[in-house]
Amino acid sequence: MGIFSRFKDIVSSNISAMLDKAEDPEKLVRLMIREMEETLVELKAGCASSMAEARRVRRELDGVLDQVDRWDRRAELAVTSGREDLAREALLERRRENERADALRRELDEIDALVARTQADMDVLDEKLAAAREKQRMLVQRHVHARVRRQAREDVRRAASLEVMHRFEELERRVEHMEAEADAVRVPSDSRNGLDAAFADLETRDELERELAALRARVGERAGNSGKGDTTPRHDEVSGAGE
């Protein structure tokens, strides 16, 4: 199993565990980013180690190829010298070195392929890490806004609760009671205004008395004029006089 595959399994298992615990979404993102960063460090370390191993294998392969050329030259020399037995030994050694060279080439191909896969995984992980960091920034903002909205709704809910409304109604009753008490208090009138009112009342009464005296005089005069002609007063005159 490769490092990148192992990273996916680790992240998946951790996310599942945190979701089961109903953890904060920000913690999930931070976990993913931390896992990505740690995996990226491992990938870079593994890639560096593979590249160092590839350099070692190439040096060993170059040495083996030098031995192949060396035994090939020895085989030619043995044939030229009429020593076919030595030529056979040289050809056998050259074959062994060629087999070693083939094994080293296969090993080098595998290492180069591993380095290529690791570098590709690193590129993918770099992109995912950048995307995760951007999502973390956006998620943090959304989470902050969500907390603000939730707090606002909680405040509205508390403000609209029956207990609060009952307190407002009680306060309103107290205010109404205070207003009623204020209306019930009689404000004493100004003394000068009372004196003016008393004189005005006297003046009104005096005027009424004068009008009444004048009315009596007219009635008496009318009664006197009526008595000269007829000593017996008529019923309408008596009524008028009574008025």
Side-chain angles (χ1 to χ4, degrees), residues 1-71 93-161:
M1 181 183 294
I3 294 178
F4 200 60
S5 299
R6 187 169 70 253
F7 158 74
K8 293 179 180 178
D9 293 338
I10 292 173
V11 171
S12 298
S13 62
N14 286 334
I15 288 177
S16 298
M18 294 186 74
L19 286 176
D20 292 339
K21 297 179 181 178
E23 291 286 352
D24 192 335
E26 292 183 32
K27 293 183 179 179
L28 293 176
V29 176
R30 286 197 297 269
L31 170 65
M32 294 180 64
I33 291 177
R34 186 173 67 250
E35 294 287 354
M36 288 182 179
E37 291 173 343
E38 292 176 355
T39 303
L40 187 59
V41 171
E42 293 182 16
L43 287 173
K44 290 181 178 180
C47 185
S49 178
S50 298
M51 293 174 69
E53 182 66 14
R55 289 192 295 269
R56 184 194 66 77
V57 172
R58 285 193 180 91
R59 287 194 301 269
E60 186 175 353
L61 178 59
D62 291 339
V64 170
L65 292 177
D66 289 340
Q67 289 296 322
V68 170
D69 293 338
R70 178 170 175 266
W71 287 111
E93 291 295 331
R94 187 187 68 175
R95 178 179 292 182
R96 290 173 182 171
E97 295 297 333
N98 275 326
E99 289 175 355
R100 286 184 61 195
D102 291 339
L104 290 172
R105 289 190 186 97
R106 289 192 297 270
E107 183 180 359
L108 185 60
D109 290 339
E110 291 176 359
I111 295 174
D112 289 340
L114 177 60
V115 170
R117 289 195 302 269
T118 304
Q119 289 177 339
D121 287 344
M122 289 168 57
D123 292 338
V124 172
L125 190 55
D126 274 330
E127 294 178 359
K128 290 184 177 295
L129 186 56
R133 285 169 177 163
E134 178 62 21
K135 288 182 180 180
Q136 181 189 28
R137 183 186 64 80
M138 297 176 62
L139 185 60
V140 168
Q141 292 180 351
R142 290 174 59 189
H143 194 203
V144 171
H145 295 162
R147 282 203 304 265
V148 172
R149 290 198 303 270
R150 184 176 62 184
Q151 184 63 41
R153 291 187 178 183
E154 287 292 330
D155 294 341
V156 172
R157 184 185 63 79
R158 286 195 297 269
S161 65

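Residue Leu40 holds its CG atom at 5.0 Å from CG of Asp126, rounded to the nearest 0.5 Å. Interatomic distance, Glu35 CD to Glu42 CD, rounded to the nearest 0.5 Å: 9.0 Å. For the atom pair NZ (Lys44) and OG1 (Thr118), the distance works out to 13.0 Å, reported to the nearest 0.5 Å. Taking CG of Leu108 as the start and CZ of Arg56 as the end, the distance is 10.0 Å to the nearest 0.5 Å. Taking CD of Glu38 as the start and CD1 of Ile33 as the end, the distance is 12.5 Å to the nearest 0.5 Å. To the nearest 0.5 Å, atom CE of residue Met36 and atom CG of residue Leu125 are 6.5 Å apart.
Across every non-hydrogen atom of Ala101 and Leu65, the tightest pair is CB-CD2, 3.9 Å. Here the closest non-hydrogen pair linking Ser50 and Val115 is CB-CG2, 3.4 Å. When all heavy atoms of Ile111 and Ala54 are compared, the closest pair comes out as CG2-CB, 3.5 Å.
No salt bridge links Lys128 with Asp121; every basic N to acidic carboxylate O contact stays at or beyond 4.0 Å. In summary, Arg105 and Asp102 engage in a salt bridge, as defined by a charged side-chain N under 4.0 Å from a carboxylate O. Glu97 and Arg94 are not joined by a salt bridge, as no carboxylate oxygen comes within less than 4.0 angstrom of a charged side-chain nitrogen. In summary, Glu99 and Arg96 do not engage in a salt bridge, as defined by a charged side-chain N under 4.0 Å from a carboxylate O. Ion pairing between Arg34 and Glu37 fails under the 4.0 Å rule for side-chain N and carboxylate O.
A 6.0 Å sphere centred on CZ of Arg95 holds no more than 12 heavy atoms belonging to other residues, nucleotides or ligands.
Judged purely by atom type and a 3.5 angstrom limit, Ser49 has no side-chain atom pairing as donor or acceptor with the backbone of Ala45.
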**Study point:** Test side chain to side chain contact (heavy atoms under 4.5 Å, CB included) applied to Arg58 and Asp112, step by step
**Key:** CA-CA 11 Å; Arg58 285 193 180 91; Asp112 289 340; 3.1 Å; yes
Point to revise | Stepwise side chain to side chain contact (heavy atoms under 4.5 Å, CB included) test for Gln67 and Glu93 | key: CA-CA 9 Å; Gln67 289 296 322; Glu93 291 295 331; over 6 Å; no
Point to revise | Intermediate values then yes/no, side chain to side chain contact (heavy atoms under 4.5 Å, CB included), Arg137 and Arg133 | key: CA-CA 6 Å; Arg137 183 186 64 80; Arg133 285 169 177 163; over 6 Å; no
